[in-house]
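Below is one structure; the comments refer to it alone.
These values consider heavy atoms only, across backbone and side chains, with no hydrogens, waters or symmetry-generated copies. Fair warning: this is a prediction, and the values are worked out from it, not measured in the lab.
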Amino acid sequence: MALLSMEKVSFSYDKKIDAVKNVSLTVDEGEYVAIIGHNGSGKSTLAKLFNGLCKPDSGEVVVDGFSCKDKKSLFEIRKRVGVVFQNPDNQMVASIVEDDIAFGPENLGVKREEIGERIQFALASVGMEEFRKSSPARLSGGQKQRIAIAGVLAIKPKILVLDESTAMLDPQGRKEVLEVVERLNKEQKTTLINITHYMDEVVRADKVYVVNDGEIVLSGTPKEIFAKRELLEECGLELPVSSKIAQKLIELGVNLPDGILTKEQLAEELCVLKQKI
Amino acid sequence: MKDVTFGQFFPAQSFVHKLDARIKILLSIAFMVAVFMVQAFQFMGFVACLLFVLVVTALAKVPFGKVLRSIKGILFFIVFSAVLQLLFNKNGTTLWHWKFITITDKGLLNAGFIICKITLVVLGASLLTLTTSPVDIADGIESLMYPLKWIKFPVHEFALIMSIALRFIPTLLDETDRIIKAQKARGANFESGNVFKRAKALVPVLIPLLISAFRRAEELADAMDARCYSGSKNRTKYKKMRLTWRDAIATLVVGGLITGVVFLNITGFLAVVL
Ligand SMILES: Nc1ncnc2c1ncn2[C@@H]1O[C@H](COP(=O)(O)OP(=O)(O)O)[C@@H](O)[C@H]1O
Ligand SMILES: [Mg+2]
């Protein structure tokens, strides 16, 4: 059974326009899922449906056997789905890193000694051990976001959801954060849902969902997704630069294979081509 | 990012800095009580209190200038109270008389007395804020308020509000700075004009700031919910404060000061009576 599943979920903020329309999706344990869509396509609303911050008008969200329809399971769902939001500044409650990370476990009623261990574990997971006693105000954007991730990890969620958590960061910060969560997915088998509008972030995902106007218009592996360039462009999404270059080259008659996603792949294929000549 | 410091915390490694925040708050209050207990014109009591302030300042490795600076803010208030005493205290023998102004020896003594009192109280309070970080003060207050739970006072919520307020001060200061720069770039003028003009120039700063603060509050509420916040029920607390031998010594010293003041009061009183 899937760890998280959405069955024909619709949700509207104002009861007029649906922010999310008839969405069905599944996320398996240990999977790395990317959800991509342009601004206002309903990505954040999806994130809030995952952990019960929004309740579906119709349809059902089930997390690890707990249904969002059951009011009593809300707490259980939030324990299992940790969401990291876009602005790291607006997710912290305390002026000292360790106090902030303690916030989640404190809410769960975890004992003092164990909270200490969890802080240590969470900070180690994001590679920020030496900042335990620092003030978040003095950290860089990427570091702050890693602390926000640690704050969620201390709850020990089964699923880590990033809602455009790299959107406000500089390239360096984006790289840091992606490396951290992708390593968690690989090494600790944390299920990862990365919600983003950057196409180049989805290339390493196992599965990609493309949302447009609250609907899922496309799903599949990154390769399958990137092959449908016209559809993506209709949804206001652009291919990563390397894919674009590869496609342009193919159009010009260069003999490159389909489905080039990253800089490295492109360089590799071009070198192969050069050797053949 | 700009390193914003607020309050007047002066970080250092010292005996005073290492004291438990709760004890420091209580002892600061005790010190103020001691200052107020000094009875009329027993100036020796003030000398004892001043000596105490000097010793604590030295122990805390805080430059004395920093401590004195705290008086600057309320200098006007001190002078105002003293002048009131001078002008309106008509008891005692007249020292100087001019038209409707009469200055008496009692008035002069009273003015001096009030200056000493207010100054010492402010010095005591500033020693607390200089040697204790705002976070520690907030934690101390929370811990001291804990008994109020019995009268259903929402101690946990109050503490959370304090913590979040402290957490967002640097963020909002930064943001204010950014908005001011943005408005300046559009030709806004904050430096010239009379008070009203300048106050009016602040409106285009305050409104974006307010809107952004509300947006932040909404996002923070979501983030707190997402981290399983559900009020104070079944909640544990990670931070624990511990008393050490330092706190015992500090308490003894302040206790000694109060005893000294009382003793000086009594001997002074006896000296007058006998
Ligand atoms: N709190 C809200 N109240 C009313 N409408 C909202 C709210 N949040 C989002 N919306 C609307 O829902 C739609 C989807 O928004 P959102 O999920 O935030 O998109 P995304 O995260 O992809 O940018 C948008 O049309 C947006 O205007
Ligand atoms: Mg969003």
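- Other residues, nucleotides and ligands place more than 12 heavy atoms under 6.0 Å from the CD atom of A:Glu130.
- For the atom pair OG (A:Ser95) and CG (B:Asp136), the distance works out to 10.5 Å, reported to the nearest 0.5 Å.
- Between B:Thr236 and A:Lys111, the closest side-chain pair of non-hydrogen atoms is not below 4.5 Å.
- A:Leu108 CG to B:Ser230 OG: the interatomic distance, rounded to the nearest 0.5 Å, is 8.5 Å.
- Neither the backbone nor the side chain of A:Pro157 has a heavy atom closer than 4.5 Å to any heavy atom of chain B.
- When side chains are defined from C-beta on, B:Leu220 does not count as touching A:Phe85, because their heavy atoms never get closer than 4.5 Å.
- At a threshold of 4.5 Å between non-hydrogen side-chain atoms, the residues B:Tyr238 and A:Pro105 do not count as touching.
- A:Asn107 and B:Arg235 share a side-chain donor-acceptor pair at under 3.5 Å.
- Heavy-atom neighbours of A:Lys21 NZ from other residues, nucleotides or ligands within 6.0 Å: above the threshold of 12.
- Annotation for A:Lys15: atom NZ counts as buried by contact number, over 12 foreign heavy atoms lying within 6.0 Å.
- Closest non-hydrogen pair, B:Arg167 versus A:Ala94, comes out as CD-O, 3.3 Å.
- Here the straight-line distance linking atom CG of A:Asn90 with atom CD of B:Glu218 works out to 11.0 Å at 0.5 Å rounding.
- For chain A, the nearby part of B:Asn234 is the backbone; its heavy atoms alone come within less than 4.5 Å.
- Ranked by heavy-atom pairs shorter than 4.5 Å toward chain B, the options A:Val110, A:Val152, A:Ile96, A:Val83 are led by A:Val110.
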Take A:Phe103 and B:Tyr229 through the ring-ring contact (aromatic ring centres under 6.0 Å, His included) test and state the conclusion after the steps. CA-CA 8 Å; A:Phe103 182 72; B:Tyr229 182 67; 5.6 Å; yes

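- Chosen from A:Leu74, A:Val93, A:Asn51, the residue pairing most often with chain B at heavy-atom distances under 4.5 Å is A:Val93.
- Taking the side chain as every heavy atom from C-beta outward, A:Asn87 and B:Arg216 approach each other to under 4.5 Å.
- The candidate with the highest count of non-hydrogen atom pairs below 4.5 Å against chain A, out of B:Ala226, B:Ala221, B:Ser232, is B:Ala226.
- Crowding of B:Lys200 atom NZ: a count of heavy atoms from other residues, nucleotides or ligands under 6.0 Å not exceeding 12.
- Summarising the geometry, atom CG belonging to A:Leu53 is positioned 5.5 Å from atom CG belonging to B:Asp225; distances are rounded to the nearest 0.5 Å.
- The nearest pair of heavy atoms linking B:Cys228 to A:Phe75 is O-CE1, 3.5 Å.
- Considering every non-hydrogen atom in both A:Glu106 and B:Lys239, the closest pair reads OE2-N, 4.4 Å.
- For A:Ile77, no part lies near chain B; criterion is any non-hydrogen pair under 4.5 Å.
- The environment of A:Phe121 atom CZ is dense: over 12 non-hydrogen atoms of other residues, nucleotides or ligands sit within 6.0 angstrom.
- Crowding of B:Phe15 atom CZ: a count of heavy atoms from other residues, nucleotides or ligands under 6.0 Å exceeding 12.
- Among A:Ile155, A:Val81, A:Val84, A:Val161, the residue with the largest count of heavy-atom pairs under 4.5 Å with chain B is A:Ile155.
- Using a 4.5 Å heavy-atom cutoff, the side chains of B:Glu219 and A:Gln91 are not in contact.
- Taking a 6.0 Å sphere around CZ of B:Phe77, one finds it holds 12 or fewer heavy atoms contributed by other residues, nucleotides or ligands.
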